[in-house]
Structures are given as C-alpha cells and as structure tokens.
Amino acid sequence: MNNEKYYQTTTLPYVNANPHIGHTLEFVQADVVARFKRKKLGEENVWFNLGADEHGLKMYQKAKEKGVTPQEYVDEYSKNWKEFCDLFLISYDTFYRTSDPSHHKLAQEWWLRSEANGDIYKKEYTGLYCVGCEEFKTEKQLVDGKCPDHGVEPIVVSEENYFFKLSKYRDDLLKWLDSGEILKPDHKKAELKNWISAMEDISISRVKEKLPWGIEVPSDPTQVMYVWFDALTDYINVLKDPTEFAREGFDKDAGIDNWWPGVQFFGPDNLRFQGGVWQGMLASFGVAHTRKLLNHGMVLAADGTKMSKTKGNGVSPFEQQEKYGTEAVRFYLIAGISTFADSPYKEEDLKNLYNAHLADNFGNLLNRVIVLSNKYGIDYSDSNNIDSEFKSKVDGFVSEIESLLEKFELQSAVQKIIELASFGNEYISEHQPWSKEKTEKEREQILSNLAYLIKNVAEQYSYIIPESANRALDMLIKKESGVLFAKID
RNA sequence: CGCGGGGUAGAGCAGUGGCAGCUCGACAGGCUCAUAACCUGUAGGUCGUUGGUUCGAAUCCAACCCCCGCAACCA
C-alpha cells in the first residue's frame with residue numbers, strides 16, 4: 001500500500017471578481033495534476049483545495065450598493081465560482097470559504113500563536129485617506145493630488161494598526177529558497193529573493209469601524225484582520241476542519257501533519273504573497289514552508305500584451321467554453337499555453353491544436369482501428385497478442401509522460417502524449433493492416449498493438465480531457481466506431 | 001541607471017561553446033482502413049543591432065535598440 005499523501009491548493013480569488021482566463025489556467029493546471037496524482041497514489045491520498053476569499057472592503061461596499069448583507073452577497077458569488085469550476089471539470093475536494101465561522105476561529109488561533117511568538121505589534125500608520133472611497137490612497141493613485149474617483153484631495157489620517165514582523169524572517173526565507181527546487185520556474189527566484197531581502201513589516205489589521213466585514217482581532221475587538229492575513233491561513237485551516245467545505249463523499253482524515261507541506265499553484269502577481277508573506281507567516285506559526293511553489297505565467301491577449309478591460313482585448317472563459325467546449329479550452333490551456341511562462345491566447349491556435357492533435361491525430365487513429373477490426377472481424381482485446389517490443393516502446397512513452405507530470409511540466413507531458421499517438425499513426429501506415437496481403441494473424445497482432453497504444457494514450461489524456469478520454473476507452477472496448485473529436489471550423 | 005522576463009522560419013516555442021531544431025500553418029508526392037484524415041518529403045531563418053573573446057558564438061563579454069510584466073483591484 002502506498003501511504004504517500006499529496007495536498008495541493010490554488011490561490012483564493014476575491015469572490016466578487018469575475019472568473020477570467022487566468023483563473024481558468026490555474027485551476028485547470030491544478031486539476032490535471034490532481035487527477036494524475038489520484039491515479040498514482042489513490043483517491044484517498046490526494047487532496048485538492050480551492051476556495052474563495054470573501055472578506056475585505058470591496059465586498060462590503062458592493063453588498064451595501066446592492067442592499068444585501070455581505071454574507072448574502074458572498075454566498076451568491078461563491079456559488080458562481082463553484083459553477084465555474086463545475087463548468088471546467090475542476091475536481092476540487094474542498095471549496096474553502098473565508099466567511100465560514102470555522103475559518104474565523106482558526107484564523108484567530110493563528111493570530112494568537114503569532115502574537116505569542118512576539119511577531120505582532122501595534123504601530124501608528126499615517127496615510128492619505130479619501131473620505132469618498134473610505135480608503136487609504138497611495139501618492140501614485142492620485143491624479144493632480146486628488147482622488148480620481150471623487151475629485152477631492154485626500155486628508156492625512158493616522159490610525160493604529162497591528163503589524164506583522166515579516167522582516168524577522170528574511171534570512172530564514174532566503175535560506176529556505178536555496179534549500180532545493182522550491183519555486184518553479186527557476187528564473188523567478190531572483191525576483192522573489194530581491195523582494196524578500198527588502199521586505200518590511202506589514203500592516204495586518206484595519207479599524208473595524210471603517211471595515212466591519214472581516215475577522216475580529218482576538219485581543220482587540222476594535223480591529224479586524226487585513227484580508228491577506230486571514231485568507232492565506234486557509235491553505236492550512238482546511239486541513240484542520242474540512243467538514244464544512246468538502247464535496248459529498250469526502251472522507252479524508254484531517255490534520256495538518258498528514259497533509260502539509262503541500263503544493264501551491266498561483267499566478268504572477270501572487271509571487272510575493274505566496275513566496276514571501278505567507279512563508280513568513282508559516283514560520284511564525286511554527287509550521288513548515290510550502291513544499292513546492294508553482295508560479296504559472298500570465299495569459300496575454302493575442303497581441304502579446306496584457307488583457308485589460310479598457311483595451312477590450314480580454315478573453316472570456318465562458319465565451320470560449322461556449323464556442324469550443326470545455327475540453328477544447330482545457331486542452332489548449334495545457335498544450336498551447338506555456339506552463340510557467342507568459343503566453344498569448346490565440347483562438348486560431350486553439351483550433352489548430354485541437355484539430356491537429358485530438359481530431360486528426362488521436363481521434364482519427366481510434367476510429368480507424370475500430371473500423372478496421374470490425375471490418376475484418378478482429379478481436380484486439382487479448383493482451384497476449386501484443387508484441388513485446390511494441391509494448392515496451394509504448395510503456396517507455398508512458399513512463400516519460402509520468403515523469404514529466406511528476407515535475408509539473410504539463411506542456412511537455414502533452415507533447416509526449418501527442419508523440420505517442422503519432423507513433424500509432426506511423427505504425428499503422430507502415431504495417432497496413434488493410435492490405436490484402438495480410439493474414440488474419442498479422443492483422444490481429446497489428447490491431448492489438450494499436451489498441452494497447454490507444455488505451456495508454458487515452459489514459460494519459462484522461463487528466464486533461466477526462467470525459468473524452470473515458471469515451472475513447474469506452475468506444476475501444478465496445479468497438480464502437482465514430483467521430484469522437486469533431487473538427488472545429 | 002526601480003525590479004524581473006524576453007527578442008531564433010508566417011505563428012507559438014526549444015536550443016546556454018561544435019553542421020540552426022520542435023509543433024502548428026503552407027506546398028508537393030504517396031496511400032486509401034479513417035474525421036478532405038494518415039504517411040513521406042519540400043520550401044521558409046544574415047538566431048534584435050554593433051563590437052569583442054575564441055580554432056569555432058544563437059550560446060560567453062560589452063554597449064545599444066525594441067517588446068512585455070511587476071511596482072497600482074486583478075492568476
């Protein structure tokens with residue numbers, strides 16, 4: 001029995017944001033790994049967490065605008081996020097919500113622990129405060145010294161906040177980052193280390209009067225925790241108390257020690273939070289650092305620049321899904337988008353890659369093997385008919401694919417799956433089982449070999465396109481010919 | 001001189017001292033079991049610019065040009 005346990009989490013999006021293509025990339029990447037790990041380690045040994053960050057000023061303001069309570073507001077939005085995950089077949093085990101009472105309790109416990117370690121202190125903070133926005137502004141946010149939204153000069157306000165001694169952990173974090181292959185991609189290390197070397201203590205609370213929607217500081221009811229401080233603790237809180245957040249049938253044994261340290265997926269803007277702030281917090285809590293930080297790239301618009309609302313060059317995951325289907329989008333995000341580097345999202349590429357690799361290469365191979373075997377009445381299901389040399393070649397591909405997946409090199413892994421399917425097409429062309437010269441015995445061996453190859457391709461594809469891959473296996477077993485992947489025009 | 005990444009075929013990328021590669025796209029031939037598919041082959045690149053080191057540079061060094069991200073709700 002394998003007792004290795006694997007835990008991974010994505011970042012928690014602000015719940016009032018609309019899911020965009022970057023979230024889709026992060027979730028799909030994480031989902032592919034989770035599905036792979038479940039296959040290798042067993043369902044019960046894999047835990048894939050996802051969730052929503054539900055506190056903060058934005059949520060509070062939006063709820064007020066809509067005339068609903070913040071809780072009602074976040075309930076609605078969390079539901080949308082879950083639907084988004086379902087739409088893209090994201091097989092999370094827990095969907096964590098920071099507005100949940102159990103999260104409040106646990107976040108407060110961590111606060112007290114950090115405080116007991118002498119890492120939290122009170123300090124006066126002075127800043128430019130816009131009364132209209134009810135928030136502090138930085139100099140750069142101002143236009144001609146005035147708030148761009150309200151056209152009013154902000155006033156200088158001082159308030160007392162709690163601060164976290166992040167600077168205390170600089171050396172610890174720098175040492176940890178050099179202790180192994182912690183961060184992917186490697187070239188982001190310089191950036192992170194730069195930031196860590198200069199990191200200062202951070203404000204981790206707000207005056208409750210100004211921001212009633214948050215978690216109370218345990219020792220001071222006039223203050224609430226700053227969203228980052230509470231939200232980040234989710235990654236380990238869920239391991240303590242998963243009951244409220246788990247999918248039906250979830251029965252994983254809880255406890256940090258069983259599952260942590262885990263693997264974290266996050267985007268480019270989160271590098272300093274996940275790699276710096278959160279790691280400092282973990283050190284303060286006396287909990288191990290993250291096992292692996294996976295920093296995916298940014299999905300850029302087709303012209304290679306950042307997607308933005310003002311430029312109107314954004315790509316909506318919902319539109320893409322409607323246009324091409326869930327699995328085509330999933331496939332493109334893994335096969336066409338660089339796993340760790342910034343990449344442009346081009347619909348033309350999505351179509352080409354889908355047509356070339358799924359319809360023409362794999363889908364067509366599947367169909368031709370089934371049609372041939374039906375035509376000649378061949379049973380390819382007997383594994384004794386598989387040629388051993390052929391089998392070891394296929395197995396070699398599979399082990400290469402798996403070792404790439406172990407290293408989270410998702411795009412390279414798909415390339416290998418594609419190569420394996422191509423090998424099938426080359427093989428069938430070379431051996432021509434349709435030729436009149438072939439004996440039944442020869443046809444049986446050729447088609448058995450190919451059936452074995454197809455089965456393996458489908459199994460590897462099942463992490464990326466789970467529904468189609470299962471359908472492929474089903475068609476193969478039932479010898480049911482047909483078009484599995486229709487071409488996209 | 002804020003920090004970091006990048007500039008290689010029409011497109012997306014790999015290649016960190018030894019004959020310029022991969023996928024897609026384009027084109028030609030072959031095959032006919034198959035989804036106008038598949039197989040084989042062809043075309044297409046002064047590797048951002050200039051200078052240097054070297055027997056030899058896409059790769060190392062220097063300077064410069066250009067693009068992108070972060071710094072500012074945002075994966």
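Lettering of chains follows the sequences in order, A, B, ..., and the numbering in each one begins at 1. For clarity, every value in this text was computed on a predicted model and none was experimentally measured.
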query: Side chain of A:K346: nearest nucleotide among B:C13, B:G25, B:A11?
result: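 The listed nucleotide nearest to A:K346's side chain is B:A11.
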Closest to the A:P344 side chain, choosing from B:C13, B:U35, B:C33: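 Nucleotide nearest to A:P344's side chain: B:C13.
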Considering only atom [atom1], compute the distance from [N] to [M] and round it to an integer number of Å.
{"N": "B:G10", "M": "B:C1", "atom1": "C1'", "answer": "38 Å"}
{"N": "B:G18", "M": "B:G25", "atom1": "C1'", "answer": "32 Å"}
{"N": "B:C61", "M": "B:C3", "atom1": "C1'", "answer": "23 Å"}
{"N": "B:C22", "M": "B:U16", "atom1": "P", "answer": "16 Å"}
{"N": "B:A57", "M": "B:U8", "atom1": "C1'", "answer": "14 Å"}
{"N": "B:A43", "M": "B:A26", "atom1": "C1'", "answer": "9 Å"}
{"N": "B:G44", "M": "B:U32", "atom1": "P", "answer": "32 Å"}
{"N": "B:G17", "M": "B:C13", "atom1": "P", "answer": "23 Å"}

Starting at atom [atom1] of [X], determine the distance to atom [atom2] of [N], rounded to an integer number of angstrom.
{"X": "A:Y376", "N": "B:U32", "atom1": "OH", "atom2": "C1'", "value": "10 Å"}
{"X": "A:R272", "N": "B:C74", "atom1": "CZ", "atom2": "P", "value": "12 Å"}
{"X": "A:N313", "N": "B:C68", "atom1": "CG", "atom2": "C1'", "value": "13 Å"}
{"X": "A:K306", "N": "B:C67", "atom1": "NZ", "atom2": "P", "value": "18 Å"}
{"X": "A:D349", "N": "B:A11", "atom1": "CG", "atom2": "P", "value": "11 Å"}
{"X": "A:H296", "N": "B:C74", "atom1": "NE2", "atom2": "C1'", "value": "11 Å"}
{"X": "A:I454", "N": "B:U35", "atom1": "CD1", "atom2": "P", "value": "14 Å"}
{"X": "A:I337", "N": "B:C24", "atom1": "CD1", "atom2": "P", "value": "17 Å"}

Please report, to 0.1 Å, the donor-acceptor pairs under 3.5 Å made by any side chain of residues 297-305 of chain A, with sequence neighbours excluded.
unit_1, atom_1, unit_2, atom_2, d
A:D303, OD1, A:T305, N, 3.0
A:D303, OD1, A:T305, OG1, 2.8
A:D303, OD2, A:T305, OG1, 3.3
A:T305, OG1, A:K311, NZ, 2.9

Tell me every residue that passes salt bridge (Lys or Arg N to Asp or Glu O under 4.0 Å) with [X], counting only those two or more places apart in sequence or in another chain.
{"X": "A:E402", "value": "A:K40"}
{"X": "A:K189", "value": "A:D178"}
{"X": "A:D93", "value": "A:R38, A:K252"}

Who does [N] pair with, Watson-Crick or G-U, both distances under 3.5 Å?
{"N": "B:G45", "answer": "none"}
{"N": "B:C74", "answer": "none"}
{"N": "B:A58", "answer": "none"}
{"N": "B:C3", "answer": "B:G69"}
{"N": "B:C22", "answer": "B:G12"}
{"N": "B:U40", "answer": "B:A28"}
{"N": "B:G17", "answer": "none"}

By the 4.0 Å heavy-atom rule, please label [X] as base, sugar-phosphate, or nothing.
{"X": "A:G363", "value": "base"}
{"X": "A:V299", "value": "base"}
{"X": "A:G297", "value": "base"}

- request: Write out all pairs satisfying salt bridge (Lys or Arg N to Asp or Glu O under 4.0 Å) with one or both partners inside residues 414-439 of chain A, taking only residues at least two apart or from two chains.
  value: A:E400-A:K416, A:K416-A:E419
Look for any protein N or O under 3.5 Å of an N or O in nucleotides 38-42 of chain B and output each such pair with its distance, or none.
unit_1, atom_1, unit_2, atom_2, d
B:C38, O2', A:R368, NH1, 3.1
B:C38, O2', A:S429, OG, 3.2
B:C39, O4', A:S429, OG, 3.1

Please name all residues satisfying side chain to side chain donor-acceptor pair (under 3.5 Å) with [X], sequence neighbours left out, ordered by chain then number.
{"X": "A:T10", "result": "none"}
{"X": "A:K393", "result": "none"}
{"X": "A:K478", "result": "A:D474"}

message: Check this for me: A:E319, atom CD, are more than 12 non-hydrogen atoms of other residues, nucleotides or ligands nearer than 6.0 Å?
response: no
task: Report the distance from atom OG1 of A:T326 to atom CG of A:L87, rounding to the nearest 0.5 Å.
output: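 Between A:T326 OG1 and A:L87 CG, I get 4.5 Å after rounding to 0.5 Å.
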- prompt: Rounded to the nearest 0.5 Å, what separation is found between the CG atom of A:D86 and the CD1 atom of A:I90?
  reply: 9.5 Å
- request: Using a 4.0 Å cut-off on protein heavy atoms (strictly under), produce a 5'-to-3' string for nucleotides 2-8 of chain B with B for base contact, S for backbone-only sugar-phosphate contact, and - for none.
  value: -SSS---
query: When you match A:K375 and A:D269 each to their closest nucleotide on RNA chain B, which lands nearer the 5' end?
result: A:K375
- request: For A:W434 and for A:M307, locate the closest nucleotide of RNA chain B by heavy-atom distance; then report the residue assigned to the nucleotide nearer the 5' terminus.
  value: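 Checking each residue's closest nucleotide, the 5'-ward one belongs to A:W434.
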message: Please list, in numerical order, the residues of residues 475-489 of chain A that have a heavy atom closer than 4.0 Å to any atom of RNA chain B.
response: A:V483, A:L484, A:F485, A:K487
- request: Given salt bridge (Lys or Arg N to Asp or Glu O under 4.0 Å), test A:R206 with A:E159 step by step and report yes or no.
  value: CA-CA 9 Å; A:R206 295 291 183 266; A:E159 66 174 50; 5.6 Å; no
query: Using the ring of each side chain (for Trp, its six-membered ring), is A:Y463 parallel, tilted or perpendicular to A:F36, with breaks at 30° and 60°?
result: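 Aromatic pair A:Y463/A:F36 classed perpendicular.
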- request: Mind telling me whether A:F485 and A:F362 have parallel, tilted or perpendicular rings, with 30° and 60° as the class edges?
  value: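 A:F362 vs A:F485 ring planes: tilted.
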- prompt: After noting the C-alpha distance and the side-chain angles of A:C85 and A:Y92, does the key distance pass the side chain to side chain contact (heavy atoms under 4.5 Å, CB included) rule?
  reply: CA-CA 8 Å; A:C85 288; A:Y92 59 83; 3.5 Å; yes
message: Any non-hydrogen side-chain atom of A:Q29 less than 4.5 Å from a side-chain atom of A:L410?
response: yes
Check: protein-nucleotides 20-23 of chain B nitrogen or oxygen pairs below 3.5 Å:
unit_1, atom_1, unit_2, atom_2, d
B:U23, O2', A:H357, NE2, 3.4

query: Below 4.0 angstrom, N of the basic side chain to O of the carboxylate: do A:K292 and A:E181 qualify?
result: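 Answer for the salt bridge query: yes.
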